[in-house]
Amino acid sequence: MTIYIVISAIAGFLLGLVLMWLYSRGHHHAERHRLADRETQINDLKSRLSAHEESNYPARISELETLLESERQSSREKIRLLE
């Protein structure tokens, strides 16, 4: 009678090990898929960032700063005339 209990306990333990292995295998696959998606997103963002850095944004910013300064100067002159 005790041999059946021991055999049942061993069988249950082995079944538990197999089930845990199957679960962790599926979980590991999902984590690898998530990691691949993150790497794809990072590479996409890096390429977009380098495209923005290579564009003419710095030149456009300096043009806008110059325009802003001239508008400020014009506003100062108008205020001075009104006083």
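Sequential numbering from 1 along the given sequence is applied to the chain's residues.
- For Arg76, the CZ atom counts as densely surrounded, since its 6.0 Å shell holds more than 12 non-hydrogen atoms of other residues, nucleotides or ligands.
- The structure places CG of Leu67 at 11.5 Å from OG of Ser62, a figure rounded to the nearest 0.5 Å.
- Hydrophobic cluster membership for Tyr4: Ile3, Ile7 (Ile, Leu, Val, Met, Phe, Trp, Tyr linked by side-chain heavy atoms under 4.5 Å, directly or transitively).
- Note: Met20 CE to Leu15 CG = 11.5 Å, rounded to the nearest 0.5 Å.
- Atom CZ of Arg80 sits about 11.5 Å away from atom CG of Leu82, to the nearest 0.5 Å.
- Distance CG/Asp37 to CD/Glu39: 9.5 Å, rounded to 0.5 Å.
- To the nearest 0.5 Å, atom CG of residue Asn43 and atom NZ of residue Lys46 are 6.0 Å apart.
- Under the 4.5 Å side-chain contact rule for hydrophobic residues, Leu22 and Leu14 do not share a cluster.
- Applying the side chain to side chain donor-acceptor pair (under 3.5 Å) test to pairs two or more places apart or on separate chains, those with a residue in residues 13-29 are His28-Arg32.
- Here the straight-line distance linking atom OG of Ser50 with atom CG of Leu45 works out to 11.0 Å at 0.5 Å rounding.
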